[in-house]
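Lettering follows sequence order; numbering is per chain, from 1.
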Amino acid sequence: MATSARYPARPTQESQTVTDLHRHLREKLLAAIADLGLPATEAAGMLRLDPPRNRDHGDVALGAFQLAKLAKLPPPKFAAEIAARIAADDIIESAVAAGPFVNFKFRRGAMAREVLTAIHSDAAPYGKAATNDQVVCIDFSSPNIAKPFHIGHMRSTVLGNALCRIHRHLGATVHGINHLGDWGMPFAKMMTAYMRFGDEVELHKSPMRHMFELYKRYDAEAKANPELNEEAAQRFKALESGEDNEERRMWQLLRDESLKAFQGPYSRLGVTFDHITGESFFEDKMDAAMARVEKAGVLEESDGADVVWLKDQGIKQPCLLRKSDGTTLYHTRDLAAAFYREETFHPTRILYIVGGEQKLHFAQLKGVLIKMKEAIADAIEHVPFGLVLSKGPEGKWEKFASRSGNAVFLDEILDEAVRKVRGVIAEKNPDLDDPDAVAEHVGVSAIIFNDLKNGRIKDVKFDWDAMLAFEGETGPYVQYACARLSSILRKVDLPVPAVDSIDFELLADAERVLLTMMDFAAAVQRAADQSEPSVVTHFTIALAGEIHSYLADHYVVSAEPAVRNARLVLVDAARRLLTTGLDLLGIKAPERM
RNA sequence: GCGCCCGUAGCUCAGCUGGAUAGAGCGACGGCCUCCGAAGCCGUAGGUCAGAGGUUCGACUCCUCUCGGGCGCGCCA
């Protein structure tokens, strides 16, 4: 599909952020390649510098296969020719041919200077892209507020929050949007349930619990009484009529109470939105959206419903935009939302952080826009994620279902995590100030971190033990590194020296830490390009591991002044970078824990 | 039935859009607190990358098929 100027292709690996050291090496290599008589542009495209699997080989490696073919030389011979043409200088320490590879090493002092200066510079956040014209709408969390906030809602919330932060860090204009499910049949069912079995006192006392009870009761009763669903459909029709009637007042009441109840989990998770525009927000915009579809000449009637066929795009199921009773659907509202966002925000990307089971829905949404020849179609991007599974009675992993009652309220999980952290604090750090606040913070972070650790497409196996583990690759592990670094800075009780003032050569023993730090910018960029926050999560784990390892046998406080100063800058940089990394995930780094 | 996703160590997962001996954490076993936080560090054991073909100089990575698990498929969201 051709992309318009308004909706340019996504950033590619080529434009990916690299350090000045890499740029320097790349220039040298291009000169060497030119010296060997290869066509410059073609060769430049083949010039890929990757960190070698085994970092003992070097800091970056060039696999010379493609270039050697272009040069009509055997790869080992070509690699040797390249290596011979890269002279050591104040940045490059060595270039060594190893079979078909060329391995490069940067000077440790140059590496330390580059990465530490960049981290300490206040001009721009480390890892920020030079320019960024992207306007990114992120549609996330978007819970159906007629149901309680449970573990299943957390993924979209936490993933979307992290993606908002990551894009902002890269300098994009971001609109975080909570597209609440506050319209349609689920809401009508809740209204019906409330009017039949509800209790106003209970509703105000504990809205989430009460609505959960109503939800379960409705589900059970509707199985025996299908007319309940008919009543709900009628109530939805009455609501959508736009008249000031009982349904509308009921809708308002339930919506207000739900929204209030949802503030609890949101504030605990530290998640905020730029716009809370639920489906109901588009109530008065759907006629215009439908008219636009009609005008494009793609709307067809089928069994009394209005649909758009997408067979030419390989989608067999039609997209339903209006039911035979005249009411609207999920698709209608998403379409109206897409038009609204286009006009209001002029986005380059619209990310829908919605479970993978809705893949067809978003393919259809995009398909309709493509068929209508709407430019916004190019911006539509479904960011799917895996299900949350729980262990069933027979030990099999199965989908959480709120109706079967195995749903776990998010608050319960957070409370459990906080309780456990509180216990750890009592044991390990009994003198800590305000342990309850720290426990709340570390416990909640552990849950968030756990959710952002694995690739988003994977199903999450809900496992209390893993969720509440605080050792190894966990949130507390990374936060602990931050606390430990802060502690060292406190103990030294000296201002962190100016970066320029230290002898960078003294940090040669921290090469693994420095090398890991250099990966940060690329990690953030990749996380944004692929909508994959776990890349950042893994970065924080890696850096925490390297700094912990370094600290085990490199003392700061007792080192001689020149070494101490250099290490202070390193420690401060590691703390800053870990803090930034965690911040991108929506987690704060504690000074003490 | 059709479409899509997943399958890597006992468990939970990485593997940077094909590259050099497949890496972590947990669990197991063994070490390290008379210098900065042991929520830590160091080491040992553990893998025919589900299976079979194919493409390639080179495949965990791409293609085809098979097996296993999951999700989706017209008036729900």
Asks: With a 4.0 Å cut-off on heavy atoms, is A/T327 in touch with a base, just the backbone sugar-phosphate, or nothing at all?
Replies: nothing
Asks: With syn defined as a glycosidic angle within 90° of 0 and anti as the rest, where does B/C63 land?
Replies: anti
Asks: From CZ of A/F449 over to C1' of B/C13, roughly how many Å is that when rounded to an integer?
Replies: 13 Å
Asks: Classify the nucleic acid contact of A/K461 as base, sugar-phosphate or nothing, counting any heavy atom under 4.0 Å across all strands shown.
Replies: sugar-phosphate
Asks: Can you check the distance between B/U56 and B/C4, where both ends of the measurement are the P atom (answer in whole Å)?
Replies: 26 Å
Asks: Give A/P318 one of three labels, base, sugar-phosphate or nothing, depending on what nucleic acid heavy atoms sit under 4.0 Å from its own.
Replies: base
Asks: When rounded to the nearest Å, what value does the distance between P atoms of B/C41 and B/G51 take?
Replies: 33 Å
Asks: Kindly determine whether A/R567 and A/D509 satisfy salt bridge (charged side-chain N to carboxylate O under 4.0 Å, His left out), including the steps that lead there.
Replies: CA-CA 10 Å; A/R567 289 181 183 170; A/D509 55 12; 3.1 Å; yes
Asks: For a quick check of understanding: with a heavy-atom distance under 4.0 Å over all strands, which category does A/A542 fall into, base, sugar-phosphate or nothing?
Replies: nothing
Asks: What nucleic acid atoms does A/Y555 come within less than 4.0 Å of, heavy atoms only: base, sugar-phosphate, or nothing?
Replies: base
Asks: Decide yes or no for A/R490 and A/E591: does some side-chain heavy atom of the first lie under 4.5 Å from some side-chain heavy atom of the second?
Replies: yes
Asks: Both distances below 3.5 Å, Watson-Crick or wobble geometry, any strand: find the nucleotide opposite B/C4.
Replies: B/G70
Asks: Looking at A/R567, I'd like to know whether one of its side-chain N or O atoms comes within less than 4.0 Å of OP1 or OP2 on B/C36.
Replies: no
Asks: Consider the side chain of A/H57, meaning its heavy atoms from C-beta on, and name the nucleotide among B/G74, B/U21, B/C5 that approaches it most closely.
Replies: B/U21
Asks: In whole Å, what is the span from the NZ atom of A/K359 to the C1' atom of B/G70?
Replies: 13 Å
Asks: Contact class for A/N54 vs. all strands (heavy atom < 4.0 Å): base, sugar-phosphate, or nothing?
Replies: base
Asks: Distance check, C1' atoms only: B/U66 and B/C16, in whole angstrom units.
Replies: 31 Å
Asks: Please compare A/Y477 and A/V556 by the position of their nearest nucleotide in RNA chain B and report the one closer to 5'.
Replies: A/V556
Asks: With side chains defined as the heavy atoms from C-beta onward, is the minimum distance between A/V421 and A/I425 less than 4.5 Å?
Replies: yes
Asks: Do A/F65 and A/F78 have side chains that approach each other closer than 4.5 Å (heavy atoms only, starting at C-beta)?
Replies: no
Asks: Quick one, A/D529 with A/R526, criterion salt bridge (charged side-chain N to carboxylate O under 4.0 Å, His left out). Give me CA distance, side-chain angles, the key distance, then yes/no.
Replies: CA-CA 5 Å; A/D529 289 348; A/R526 193 155 71 91; over 6 Å; no
Asks: Tell me whether the centres of the aromatic rings in A/H548 and A/Y480 are closer together than 6.0 Å.
Replies: yes
Asks: Do the two ring centres, one from A/H361 and one from A/Y330, sit under 6.0 Å apart?
Replies: yes
Asks: When you measure from the side chain of A/I457, which nucleotide among B/C41, B/C71, B/C5 comes out closest?
Replies: B/C5
Asks: Indicate, with a heavy-atom threshold strictly under 4.0 Å, whether A/D465 touches base, sugar-phosphate, or nothing.
Replies: nothing
Asks: Starting from P on B/A77, measure out to OH on A/Y218 and report it in whole angstrom.
Replies: 12 Å
Asks: Under 4.0 Å, counting only non-hydrogen atoms across every strand here, what does A/N450 touch: a base, just sugar-phosphate, or nothing?
Replies: nothing
Asks: Below 4.0 angstrom from OP1 or OP2 of B/G37, is there any side-chain N or O of A/R490?
Replies: no
Asks: May I ask you to say what A/P75 touches in the nucleic acid, namely base, sugar-phosphate or nothing, with a heavy-atom cut-off under 4.0 Å?
Replies: nothing
Asks: Go nucleotide by nucleotide along RNA chain B from the 5' end; which of A/L329 and A/F101 gets its closest nucleotide reached first?
Replies: A/F101
Asks: Among A/R155, A/K461, A/K458, which one satisfies salt bridge (charged side-chain N to carboxylate O under 4.0 Å, His left out) with A/D451?
Replies: A/R155
Asks: With sugar-phosphate meaning primed atoms plus P, OP1 and OP2, does A/L320 contact a base, only sugar-phosphate, or nothing at under 4.0 Å between heavy atoms?
Replies: base
Asks: Could you please name the option among B/C42, B/G70, B/A77 that lies closest to any side-chain atom of A/P186?
Replies: B/A77
Asks: Could you identify the nucleotide paired to B/G30, looking across every strand shown and requiring Watson-Crick or G-U wobble geometry with both distances under 3.5 Å?
Replies: B/C42
Asks: Can you find an N or O donor on one side and an acceptor on the other, under 3.5 Å apart, linking the side chain of A/N103 with the base of B/A20?
Replies: yes
Asks: Separation of A/I488 atom CD1 from B/C41 atom P, in whole Å?
Replies: 13 Å
Asks: Under 6.0 Å from the NZ atom of A/K588, do we count more than 12 heavy atoms belonging to anything else shown?
Replies: no
Asks: So what does A/A483 hit on the nucleic acid, given a heavy-atom distance under 4.0 Å: a base, only sugar-phosphate, or nothing?
Replies: base
Asks: With respect to the phosphate group of B/C35, does any side-chain polar atom (N or O) of A/S558 fall under 4.0 Å of OP1 or OP2?
Replies: no
Asks: Name the nucleic acid region contacted by A/H554, choosing base, sugar-phosphate or nothing; use a 4.0 angstrom heavy-atom cut-off, strictly under.
Replies: base
Asks: Under 4.0 Å, heavy atoms only, any strand: does A/K453 hit a base, just the sugar-phosphate, or nothing?
Replies: nothing
Asks: For nucleotides B/C67 and B/A22, find the distance between their P atoms and express it as a whole number of Å.
Replies: 31 Å
Asks: I want to verify a distance call: between B/C4, B/G25, B/C73, whose nearest atom is closest to the A/Q317 side chain?
Replies: B/C73
Asks: Determine the interatomic distance between C1' on B/G25 and the same-named atom on B/G46; round to the nearest Å.
Replies: 14 Å
Asks: In whole Å, measure the gap between the C1' atoms of B/C5 and B/U48 for me.
Replies: 26 Å
Asks: Check every strand shown and say whether A/I541 touches a base, only sugar-phosphate, or nothing at a heavy-atom separation below 4.0 Å.
Replies: nothing
Asks: Please report the distance, rounded to the nearest Å, between CG in A/D459 and P in B/C11.
Replies: 17 Å
Asks: For A/H548 and B/G40, is the gap between ring centres under 5.5 Å while the planes differ by less than 30°?
Replies: no
Asks: Looking only at side-chain N and O atoms, does A/T474 come under 4.0 Å of OP1 or OP2 in B/A39?
Replies: no
Asks: Using the C1' atoms only, state how far B/C26 lies from B/G40, rounded to an integer number of Å.
Replies: 16 Å
Asks: With both distances kept under 3.5 Å, what pairs with B/C13, Watson-Crick or G-U wobble?
Replies: B/G23
Asks: Tell me which nucleotide among B/C5, B/A39, B/A77 gets nearest to the side chain of A/E279.
Replies: B/A77
Asks: Please determine, for the side chain of A/H538, which listed nucleotide (B/G70, B/A14, B/G40) has the closest atom?
Replies: B/A14
Asks: Just compare B/U21, B/A39, B/A77 and give me whichever is closest to any side-chain atom of A/V424.
Replies: B/A39
Asks: From the set B/A39, B/G7, B/C41, return the single nucleotide nearest to any side-chain atom of A/K458.
Replies: B/G7
Asks: Taking only N and O in the side chain of A/R484, is any of them less than 4.0 Å away from OP1 or OP2 of B/A38?
Replies: yes
Asks: State plainly whether the residues A/E416 and A/K420 are in salt-bridge range, i.e. N to O under 4.0 Å.
Replies: no
Asks: Does A/R526 put a side-chain nitrogen or oxygen below 4.0 Å from OP1 or OP2 of B/C16?
Replies: no
Asks: Given the P atoms of B/C49 and B/G23, what is the spacing between them in whole Å?
Replies: 14 Å
Asks: Measure from the side chain of A/E357, starting at C-beta and using heavy atoms only, and say which of B/U21, B/G72, B/A39 lies closest.
Replies: B/G72
Asks: Taking 4.0 Å as the cut-off, does a side-chain nitrogen or oxygen of A/Y480 come that near to OP1 or OP2 on B/A39?
Replies: yes
Asks: Of the nucleotides B/U12, B/C73, B/A39, which one has an atom closest to the side chain of A/F470?
Replies: B/A39
